[in-house]
J.: 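Just dropping this structure here.
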Protein chains: 2
Amino acid sequence: MDVPTYLVLADRLEHELAAEPAGARVPSEHELARLHAVNRLTARAALDELEQRRVVRRRRGSGTFVSRRYDMTVTPQSALSWSQVVRAAGGSARAEVVDGPTQASPEDLGNGVDVLVLHRVGWVDGQRALCKTSWLATDLVPGLHEALPRHDSLFTALEQAYGLRPQRHALRAEITAPPPAVRETLDLPRNTEVVWIASRTDSERTGRTVEVTHSWLRADLFRLVVDLRP
Amino acid sequence: MDVPTYLVLADRLEHELAAEPAGARVPSEHELARLHAVNRLTARAALDELEQRRVVRRRRGSGTFVSRRYDMTVTPQSALSWSQVVRAAGGSARAEVVDGPTQASPEDLGNGVDVLVLHRVGWVDGQRALCKTSWLATDLVPGLHEALPRHDSLFTALEQAYGLRPQRHALRAEITAPPPAVRETLDLPRNTEVVWIASRTDSERTGRTVEVTHSWLRADLFRLVVDLRP
DNA sequence: TAGTGGTCTAGACCACTGC
DNA sequence: CAGTGGTCTAGACCACTAC
């Protein structure tokens with residue numbers, strides 16, 4: 001036997017699943033083993049392989065499901081909105097504001113500025129997929145908590161509700177192990193990596209920095225692509 | 001049992017290995033199983049875990065060895081040399097020119113320019129770790145094959161041997177599955193991802209593009225960090 | 001040739017999820 | 001509650017590497 005059984009199975013499954021929509025149920029390990037007359041561990045190895053290939057995602061106790069990956073393209077000039085990326089690819093995206101610890105703010109907002117901390121969680125295709133912590137200059141965004149739900153994203157709120165002419169710049173990006181708070185917020189299984197992106201939004205109108213945001217995105221759901229062309 | 005056996009073993013091993021140098025031998029699966037009185041598959045699961053954490057690397061038939069990871073920081077202005085990164089972290093780095101297919105060149109070099117194709121392989125800590133394909137404007141680098149071995153890198157050759165005042169710009173970076181040619185060149189096992197970086201080097205002296213390079217780096221050996229600050 | 005990691009079988013018990 | 005994925009055992013044969 002040249003190609004191992006589990007890889008034959010994995011390739012075959014991947015091919016079959018290509019036609020399925022994200023979230024579709026994949027046969028369970030026991031069922032797969034029965035169907036193909038192999039040991040459960042062999043069927044499991046095939047699913048392990050597909051999980052590594054980011055084709056499926058598992059939820060203990062509930063099952064294995066087709067997964068999709070979105071290309072998150074970051075450029076120095078702007079950090080593209082994740083919700084745009086997801087919706088453009090036909091997925092569903094929504095965000096909600098959550099409580100969280102008040103963390104020390106980065107220094108980009110300026111000294112002595114009163115800082116508002118905002119924690120948000122993003123849902124993609126019905127799953128918690130990312131979280132963000134934003135630090136904002138309080139005086140530039142009065143009543144933000146009430147204004148935010150009326151807009152698609154924080155960025156459009158800054159634009160439309162406050163007329164700040166926001167300019168978003170990406171600062172730094174890397175793929176890393178999630179900090180404990182993020183792991184808990186997103187309920188990440190072991191071994192899940194995240195894409196970390198730091199960005200800053202300046203206001204063209206006031207000439208000040210409005211917002212600094214740290215984003216953590218499940219790396220199995222988002223693929224980091226960096227475009228550095230000027 | 002709260003924490004599974006294989007994780008206890010993995011954490012313990014990781015702690016022990018932290019003091020070992022890159023390349024140090026790790027106990028084999030059979031030996032680990034015997035030492036800790038567990039099944040071989042349990043010992044194997046622990047090593048699987050450490051491989052995913054990029055703490056060890058396996059070579060079938062020869063053993064498991066301590067691995068190290070280097071941060072490859074890319075900025076829009078310049079793509080830092082991998083050999084600098086490795087040597088600064090105390091690792092060993094060398095490059096060699098190899099034969100390879102002549103591939104269609106990107107269009108950045110200009111129309112009608114005679115193009116020289118250069119394939120190089122990089123060795124890190126004694127292992128093939130990356131490969132590069134460069135397209136160069138032939139007329140700007142006469143006798144490059146003879147000049148190259150006298151320099152640390154292609155970049156310094158352009159600088160010192162040809163006085164081109166080179167300026168390197170990173171263009172694009174992503175983490176992806178290796179193309180078959182790269183998989184073969186680097187003898188990559190299944191499931192190994194690579195960091196792909198496209199960069200362009202312009203000559204300040206001539207005002208022309210000297211070189212376009214595509215680099216593929218083992219993602220288990222190099223961690224992509226992107227710094228987008230101006 | 002001896003030892004390594006890679007694959008595979010036939011079981012078993014568990015924690016967790018959804019109904 | 002039944003079904004899911006997660007862990008674990010005790011075996012086995014194989015391809016590959018180093019000596």
Side-chain angles (χ1 to χ4, degrees), chain A residues 1-13 17 23-67 126-128 184 187-192 220, chain B residues 1-13 17 23-67 126-128 184 187-192 220:
Chain A
M1 189 109 64
D2 206 358
V3 179
T5 312
Y6 81 94
L7 272 184
V8 173
L9 225 179
D11 289 338
R12 188 164 154 184
L13 254 181
L17 294 179
R25 186 177 209 93
V26 175
S28 77
E29 297 176 354
H30 297 83
E31 202 175 337
L32 222 49
R34 212 178 334 112
L35 280 174
H36 295 86
V38 295
N39 187 273
R40 189 189 145 205
L41 279 192
T42 304
R44 183 175 168 74
L47 291 177
D48 277 341
E49 174 73 20
L50 293 189
E51 191 177 29
Q52 280 205 294
R53 293 187 197 169
R54 329 262 183 188
V55 170
V56 304
R57 237 174 90 182
R58 287 153 141 162
R59 283 205 305 277
R60 176 212 202 102
S62 85
T64 302
F65 304 89
V66 172
S67 182
Q127 318 264 337
R128 266 173 294 181
E184 200 180 331
D187 192 26
L188 297 177
R190 273 189 278 272
N191 272 331
T192 309
D220 55 353
Chain B
M1 190 112 62
D2 206 359
V3 179
T5 312
Y6 81 94
L7 273 184
V8 173
L9 225 179
D11 288 339
R12 188 163 153 184
L13 254 181
L17 294 179
R25 185 176 210 93
V26 176
S28 77
E29 298 176 352
H30 297 83
E31 202 175 337
L32 223 50
R34 211 177 336 112
L35 280 173
H36 295 88
V38 295
N39 186 272
R40 188 188 145 207
L41 281 192
T42 303
R44 183 176 168 72
L47 291 178
D48 278 341
E49 173 74 19
L50 293 190
E51 192 177 27
Q52 279 206 294
R53 293 187 197 169
R54 329 239 124 142
V55 169
V56 304
R57 236 173 91 181
R58 287 151 140 165
R59 282 204 308 275
R60 176 212 202 101
S62 84
T64 302
F65 304 87
V66 172
S67 181
Q127 318 264 339
R128 267 173 293 182
E184 199 180 332
D187 192 25
L188 297 177
R190 276 189 276 272
N191 271 332
T192 310
D220 55 354

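Labels below follow one simple rule: chain letters A, B, ... track the order of the sequence lines, proteins then strands, and each chain is numbered from 1. Quick caveat, the model's predicted, so the values are computed rather than measured. Excluded from the calculations below are hydrogen atoms, water molecules and symmetry mates; all remaining heavy atoms, backbone and side chain alike, are included.
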J.: Give me the one residue out of B:Leu32, B:Leu50, B:Val56 that meets side-chain contact (heavy atoms from CB on, under 4.5 Å) with B:Thr64.
T.: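 So the option named by the test is B:Val56.
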J.: What nucleic acid atoms does B:Arg190 come within less than 4.0 Å of, heavy atoms only: base, sugar-phosphate, or nothing?
T.: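 Result for B:Arg190 = sugar-phosphate.
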J.: Start at the 5' end of DNA chain D and walk down; is the nucleotide closest to B:Tyr6 or to B:Gly61 reached first?
T.: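 On the 5' side of the pair lies B:Tyr6.
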J.: Between D:dC8 atom C1' and B:His36 atom NE2, what is the distance in whole Å?
T.: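 Distance check: B:His36 NE2 to D:dC8 C1' gives 16 Å.
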J.: Which value, rounded to the nearest 0.5 Å, describes the distance between B:His36 atom NE2 and B:Arg12 atom CZ?
T.: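 The distance works out to 4.0 Å.
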J.: Distance check needed: D:dC8 C1' versus B:Glu29 CD, whole Å only.
T.: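 After rounding, the reported distance stands at 15 Å.
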J.: Just how far, in rounded Å, is P of C:dA12 from CZ of A:Arg44?
T.: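 Distance check: A:Arg44 CZ to C:dA12 P gives 18 Å.
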J.: If you find the nucleotide of DNA chain C closest to B:Leu47 and the one closest to B:Leu41, which residue's nucleotide is nearer the 5' end?
T.: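 Closer to the 5' end of DNA chain C: B:Leu47.
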J.: Decide yes or no, distance alone: a donor-acceptor N/O pair under 3.5 angstrom between the base of C:dG3 and the side-chain of B:Arg60.
T.: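 By the distance-only test, no, there is no pair.
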J.: Measure CG/A:Asn39 against C1'/D:dG11 and give the value in whole Å, please.
T.: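 From A:Asn39 CG to D:dG11 C1': 12 Å.
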J.: Starting at atom CG of A:Asp48, determine the distance to atom P of D:dG6, rounded to an integer number of angstrom.
T.: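 Distance check: A:Asp48 CG to D:dG6 P gives 8 Å.
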J.: Which nucleotide in the set D:dG6, C:dG18, C:dT9 lies at the smallest distance from any side-chain heavy atom of A:Ser62?
T.: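 It is C:dG18.
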J.: Please confirm whether the shortest side-chain N or O distance from B:Thr64 to OP1 or OP2 of C:dG5 is below 4.0 Å.
T.: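 Checking C:dG5 against B:Thr64, a side-chain N or O does come within under 4.0 Å of OP1 or OP2.
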J.: Report the nucleotide, chosen from C:dT4, D:dG6, C:dA10, that has the shortest atom-to-atom distance to any side-chain atom of A:Arg58.
T.: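 From the listed options, D:dG6 comes nearest.
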J.: Go through D:dG5, C:dT9, C:dT7 for me and flag the one nearest to the A:Arg40 side chain.
T.: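 Nearest nucleotide to the side chain: D:dG5.
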J.: In whole angstroms, how far is the P atom of D:dG11 from the NE2 atom of B:His30?
T.: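 From B:His30 NE2 to D:dG11 P: 13 Å.
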J.: Examine D:dG3: is either OP1 or OP2 under 4.0 Å from a nitrogen or oxygen in the side chain of A:Ser28? Give yes or no.
T.: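 Answer no for this pair, as no side-chain N or O of A:Ser28 is under 4.0 Å from OP1 or OP2.
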J.: Atom CZ of B:Arg53 and atom CG of B:Leu13: how far apart are they, to the nearest 0.5 Å?
T.: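 These two atoms lie 10.0 Å from each other.
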J.: Send over the distance from A:Asp2 CG to C:dC8 P, rounded to a whole Å.
T.: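 Rounded to whole Å, this separation is 12 Å.
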J.: For a quick test of reading the model: is some side-chain N or O of A:Thr5 closer than 4.0 Å to OP1 or OP2 of C:dC8?
T.: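 Affirmative; the distance criterion is met.
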J.: Measure the distance from CZ on B:Arg34 to P on C:dG5 and round it to the nearest whole Å.
T.: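 These atoms are roughly 12 Å apart.
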J.: Could a donor-acceptor pair under 3.5 angstrom be found where the side chain of A:Arg59 meets the base of C:dG18?
T.: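 By the distance-only test, no, there is no pair.
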J.: To the nearest 0.5 Å, how far apart are CD in A:Gln52 and CG in A:Asp220?
T.: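 Reported to 0.5 Å precision, the distance equals 12.0 Å.
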J.: If you look at every heavy atom in A:Ala43 and A:Ala33, which pair is closest and at what distance?
T.: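 Looking at all heavy atoms of both residues, the closest pair is CB-N, 3.8 Å.
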J.: Please tell me which of the listed nucleotides, D:dT7, D:dT4, C:dT7, lies nearest to the side chain of A:Arg25?
T.: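 So the side chain of A:Arg25 is nearest to D:dT4.
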